[in-house]
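Report on the structure given below.
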There are 2 protein chains.
Amino acid sequence: MSSENWLVKLRSQGYRLTDARRAVVETMAQSPRALTPADVHDLAKEQYPALGLVTVYRTLEKLEELHLVQRVHQEQGCNAYLAHADGHQHLLICESCKKAVYFEGDDLDDFFSDVGKKHNFTVKDHWLQLFGICEDCEKEK
Amino acid sequence: MSSENWLVKLRSQGYRLTDARRAVVETMAQSPRALTPADVHDLAKEQYPALGLVTVYRTLEKLEELHLVQRVHQEQGCNAYLAHADGHQHLLICESCKKAVYFEGDDLDDFFSDVGKKHNFTVKDHWLQLFGICEDCEKEK
DNA sequence: TCTATAATCGAAAACGATTTTCAACTAAAC
DNA sequence: GTTTAGTTGAAAATCGTTTTCGATTATAGA
Ligand SMILES: [Mn+2]
Ligand SMILES: [Mn+2]
Ligand SMILES: [Zn+2]
Ligand SMILES: [Zn+2]
């Protein structure tokens, strides 16, 4: 669990450590799936019942700035947050339980760059995300 | 310009052809970049000044149902619409002028499927988008 | 061409997610 | 301890989108 490191990083940026923040940080750091602000609020309130939804928004904003979480786009919505991977990685998401796993895709950069050339673009960045069914969810059928 | 075909398709689904709809359809059919509902409203009003924003929302909804347009996700927002490509294609978007170009990526399916296997996922779908700078915008510097 | 009718329209109200304001509270530096 | 700037949650404001509604109109059928 990396939530200790997250708190250290927040602290090192001059942010104070409060119970409200700790609850949000620990919720995000341990979640296997992307969470909306409302999700975070519901989950983190179990640890700190007085938590306000506003504080969830404010904390997620800081965590995103520090690259500790990233926004995840999905068919159902684009306002969910997930613990960030180290470096540049892509997501594989279970359409059933929403569990998210990171993978590398360095092998693709040449292909992307070729596509760019073909259309007279200089490719600077890309978004890649895979959707499927994880082993656990497959079994449940 | 495919806007005639779009109107035929709308008509064939039982929808009526109105000036308001024609303005939205023609705006979308000819745009080289993804447009937000507000963008569409601004542009289409030049052709039909009485156009209401509500009608833009309602028409985009129908066009999406008919797969004539698709929603495009970008850093700045996820509520922009673009003329749909034939079949399954991916987008290459200019970060400067927002011009969007489609490309195929059939070559990638094996890679995606392998990534899935490695993590015990059955991959069902994927989402890929490239960002860069187009030739025209490159020149302007 | 005329009529009947259900689809469509835009204005205004409602809605829901997010952001801002604000006065009370508190973590942390000294 | 005391001080103070950062943080809090409640409430109000904002903003994009959807719903409601009465007026208008495209279109099928006479
Ligand atoms: Mn990559
Ligand atoms: Mn593909
Ligand atoms: Zn799963
Ligand atoms: Zn999105």
Side-chain angles (χ1 to χ4, degrees), chain A residues 4 6-28 34-66 68-69 71-81, chain B residues 4 6-28 34-66 68-69 71-81:
Chain A
E4 269 314 310
W6 292 27
L7 294 171
V8 170
K9 197 156 182 181
L10 279 168
R11 194 74 264 284
S12 77
Q13 297 296 310
Y15 294 121
R16 293 185 181 170
L17 299 187
T18 66
D19 289 343
R21 260 171 204 170
R22 267 187 272 265
V24 171
V25 164
E26 281 161 28
T27 298
M28 285 307 305
L35 301 174
T36 63
D39 289 338
V40 176
H41 190 221
D42 289 344
L43 290 168
K45 268 202 296 193
E46 292 173 16
Q47 172 174 342
Y48 183 68
L51 180 65
L53 179 56
V54 202
T55 296
V56 173
Y57 277 99
R58 291 191 277 226
T59 305
L60 286 174
E61 188 179 13
K62 289 174 177 62
L63 295 178
E64 193 178 21
E65 278 169 20
L66 299 180
L68 291 171
V69 302
R71 181 185 290 262
V72 175
H73 298 254
Q74 287 172 267
E75 202 60 61
Q76 315 99 291
C78 302
N79 54 336
Y81 292 84
Chain B
E4 270 312 312
W6 293 28
L7 294 171
V8 169
K9 196 154 183 182
L10 278 168
R11 195 72 264 284
S12 76
Q13 297 295 311
Y15 294 122
R16 292 183 182 173
L17 300 186
T18 66
D19 288 344
R21 259 170 206 173
R22 268 186 274 265
V24 171
V25 164
E26 281 161 28
T27 299
M28 284 307 304
L35 301 174
T36 64
D39 289 338
V40 176
H41 190 221
D42 289 344
L43 291 168
K45 269 203 295 193
E46 292 173 16
Q47 172 175 341
Y48 183 68
L51 179 64
L53 179 57
V54 199
T55 297
V56 173
Y57 277 99
R58 291 192 275 226
T59 305
L60 286 174
E61 187 179 14
K62 289 174 177 60
L63 295 178
E64 193 178 23
E65 277 169 19
L66 299 179
L68 291 169
V69 302
R71 181 186 291 262
V72 175
H73 298 252
Q74 287 171 268
E75 202 61 60
Q76 315 100 291
C78 301
N79 54 335
Y81 292 84

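Small disclaimer: the values here were computed from a predicted structure and weren't measured. Order of the sequence lines fixes the chain letters, A, B, ..., with proteins taken first and strands second; residue numbering starts at 1 for each chain.
- Residues passing the salt bridge (Lys or Arg N to Asp or Glu O under 4.0 Å) test with R22(A) are D19(A), sequence neighbours excluded.
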Q) Could you go step by step and tell me if E65(B) and Q13(B) meet the side chain to side chain contact (heavy atoms under 4.5 Å, CB included) rule? A) CA-CA 11 Å; E65(B) 277 169 19; Q13(B) 297 295 311; over 6 Å; no
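- When all heavy atoms of P37(B) and V56(B) are compared, the closest pair comes out as O-CG1, 3.6 Å.
- To the nearest angstrom, C1' of dA14(C) lies 15 Å from OH of Y57(B).
- Residues R21(A) and T59(A) come closest through the heavy atom pair CG-OG1, 3.8 Å.
- We find that CG of L10(A) is positioned 13 Å from C1' of dT7(D), with the value rounded to whole Å.
- In this structure, the separation between CD on E26(A) and CG on L43(A) is 13.0 Å, given to the nearest 0.5 Å.
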Q: Classify every nucleotide of nucleotides 20-30 of chain D by which part a protein heavy atom approaches to under 4.0 Å, writing B for the base, S for the sugar-phosphate alone and - for neither, in 5'-to-3' order.
A: B----BBSS--
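- As rounded to whole Å, 10 Å separates atom P of dT19(C) from atom CG of L53(A).
- Put simply, CZ on R21(A) is 10 Å from C1' on dA27(C), counting in whole angstrom units.
- Considering NZ of K45(A) and NE2 of H41(A), their distance stands at 4.0 Å, rounded to 0.5 Å.
- The distance between atom CD of E61(A) and atom P of dT7(D), rounded to the nearest whole Å, is 12 Å.
- Between W6(A) and V69(A), some side-chain heavy-atom pair lies under the 4.5 Å cut-off.
- Following rounding to the nearest Å, L60(B) (CG) and dT8(C) (C1') show an atom-to-atom distance of 16 Å.
- Side-chain N/O atoms of N79(B) include one lying less than 4.0 angstrom from OP1 or OP2 on dT17(D).
- Residues from residues 34-47 of chain A placing a heavy atom under 4.0 Å of any atom in DNA chain D do not occur.
- Here the closest heavy-atom approach between residue L17(B) and residue R11(B) is recorded as CG-CD, 3.8 Å.
- Using a 4.5 Å heavy-atom cutoff, the side chains of M28(B) and L60(B) are in contact.
- Taking atom CG of L7(A) as the reference point, atom C1' of dA27(C) lies 14 Å away to the nearest angstrom.
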